[in-house]
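Notes to accompany the following structure.
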Number of protein chains: 2
Amino acid sequence: MKRRPPRADPYHQLREAIVSGQLHPNERLVEAAIAERIGAGRTAVRAALVRLDQEGLVQLERNRGARVRHISDGEAMEIEEVRAVLEGMLARRAADRITADGLRELRHVMTQMREHVEAGDSIGYSELNATFHQVIWTAAGHPTASNLVGGLKSQGIRFQYQTALRPGRAERSLREHEAIFGALKAHDGDAAEAAMREHLAEVLDTLRWAIDSQHRTGRWLPG
Amino acid sequence: MKRRPPRADPYHQLREAIVSGQLHPNERLVEAAIAERIGAGRTAVRAALVRLDQEGLVQLERNRGARVRHISDGEAMEIEEVRAVLEGMLARRAADRITADGLRELRHVMTQMREHVEAGDSIGYSELNATFHQVIWTAAGHPTASNLVGGLKSQGIRFQYQTALRPGRAERSLREHEAIFGALKAHDGDAAEAAMREHLAEVLDTLRWAIDSQHRTGRWLPG
DNA sequence: ATCCTCAATAATGTCGACAATTCGCCACGG
DNA sequence: CCGTGGCGAATTGTCGACATTATTGAGGAT
């Protein structure tokens, strides 16, 4: 009866469950339960929790176990601010270094994005969005900065606040991405950084809207 | 000043040993040996190594153990670039938010820095330097960014490359810090960010010099 | 001399057991 | 009614033992 998925890296599995929202903020993570759930030993789960704690996705208190870290409204905005600064820098570098292949890949992602927007598929769009940015990170050739932004909990934020629900956001976002693409294609570093900053300023604004929205519709937990 | 209670925590002890250069890049870290050395169990050491791996200070290879991660020349420069961007942002925020107490503390640190420079104590100066920047991070009130820059391996870089050995660097650094202080005192965000960026650009330049210097004096390990 | 095999060694990865700690619950007393 | 103190279950922290995996070195064949 023990159905055990044999190959399961607890770290990646837990991480995915957290950023995708399957595990809710402040939810308790009991080692034994997780071990059973994903078919791994308690040792491996423990190691994964330590990593996630260091990464900031999980809060680890001595003798008290682990919880999914709750990201406050303020912290969510802080994260987006940092992301704006770092991605701005990456966009600038990418403008200088992006290859024809990179541009082709970006173009491909963007056509897909357009399709998903027209189909009203905001989830698929969100994933493509992530891909778009990742392509830019790769083109920038700056592993240190890429790892930092990649490690940011910004994916979880999108889920926690449902920023995609803002009316008209997708279309606008699409235009912003087109602007970024244009600057990269022209190898114009200044323009690329500016476009990226503007894009992420819009994201930050949408985040503010989502926070307000949550407050208006009534929440019990303070930010 | 932080009073450090005798810290038996393997994580902090290892971290300190690495950034201070007591453990050399690529040096192997054998769990049992470390456990013996600092009087802890292998379990605790293991957890510490996982954290340090996630942090980037240690390289952990499956079934092959842990090594002190070697920071290549290119990566060292990448780290300083990221630091410049983030600390620039923090300086801007700090200019708006710094209190009279914060300014007083900065002034105090600076007078000490002057004394150490005149006494030719570059090690003490380096520590004060770190303090100076930390005060600014605190004043900025931006935990997310502060934790990121704090987690950067930039402390270790100073040791690895001996950037303080460059002739005249200390005096120049002192003047740069004074410029930053002036901007903060005037609550001028633009000026603060600019001064901080300029300062860190100089640091980056010194780093380039140190790398060149190492290459000229002959090294066997490629960057 | 060089390459290959294979045992010996050393270190890591994993598991189970047990001690230590926290937390919920309930009886008790003011 | 409310605070208080102490069981008891649940959970984490730690240790030792053992399996697994890399590495080293000697010896032999070509």
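Computed from heavy atoms alone, side chains included, the values below leave out hydrogens, waters and symmetry copies. Here is how names work: the chains are called A, B, and so on, in the same order as the sequence lines, proteins then strands, and each is numbered from 1.
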Kindly indicate, with the supporting measurements, whether the criterion side chain to side chain contact (heavy atoms under 4.5 Å, CB included) is fulfilled by I157(A) and L152(A).
CA-CA 10 Å; I157(A) 289 180; L152(A) 249 29; over 6 Å; no
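- Heavy-atom neighbours of E36(B) CD from other residues, nucleotides or ligands within 6.0 Å: at or below the threshold of 12.
- Of all the residues in residues 42-59 of chain A, R42(A), T43(A) reach under 4.0 Å from DNA chain C with at least one non-hydrogen atom.
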Apply side chain to side chain contact (heavy atoms under 4.5 Å, CB included) to H133(A) and W137(A), showing your working.
CA-CA 6 Å; H133(A) 286 265; W137(A) 303 348; 4.1 Å; yes
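- If you check every strand for non-hydrogen atoms under 4.0 Å, L60(B) touches nothing.
- Reading DNA chain C from its 5' end, the first and the last nucleotide to sit under 4.0 Å from a heavy atom of chain B are dA11(C) to dT14(C).
- Atom P of nucleotide dT11(D) and atom CZ of R64(A) are separated by 15 Å, given to the nearest angstrom.
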What's the verdict on salt bridge (Lys or Arg N to Asp or Glu O under 4.0 Å) for R93(B) and E78(A), showing C-alpha distance, side-chain angles and the deciding distance?
CA-CA 12 Å; R93(B) 281 180 63 109; E78(A) 284 186 10; 5.2 Å; no
Going through the checks in order, is the side chain to side chain contact (heavy atoms under 4.5 Å, CB included) test met by L52(B) and E55(B)?
CA-CA 5 Å; L52(B) 291 167; E55(B) 198 174 337; 4.1 Å; yes
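- Separating the CG atom of N63(B) from the P atom of dC18(D) is a distance of 20 Å, rounded to the nearest angstrom.
- The two residues P25(B) and H70(B) have their closest heavy-atom pair at CB-ND1, 3.7 Å.
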Solution key, residues 16-24 of chain A side-chain donor-acceptor pairs under 3.5 Å, sequence neighbours excluded:
unit_1	atom_1	unit_2	atom_2	d
S20(A)	OG	E16(A)	O	2.9
S20(A)	OG	A17(A)	O	3.4
S20(A)	OG	Q22(A)	OE1	3.4

Stepwise, does the side chain to side chain contact (heavy atoms under 4.5 Å, CB included) test hold for V203(B) with T206(B)?
CA-CA 5 Å; V203(B) 171; T206(B) 301; 5.6 Å; no
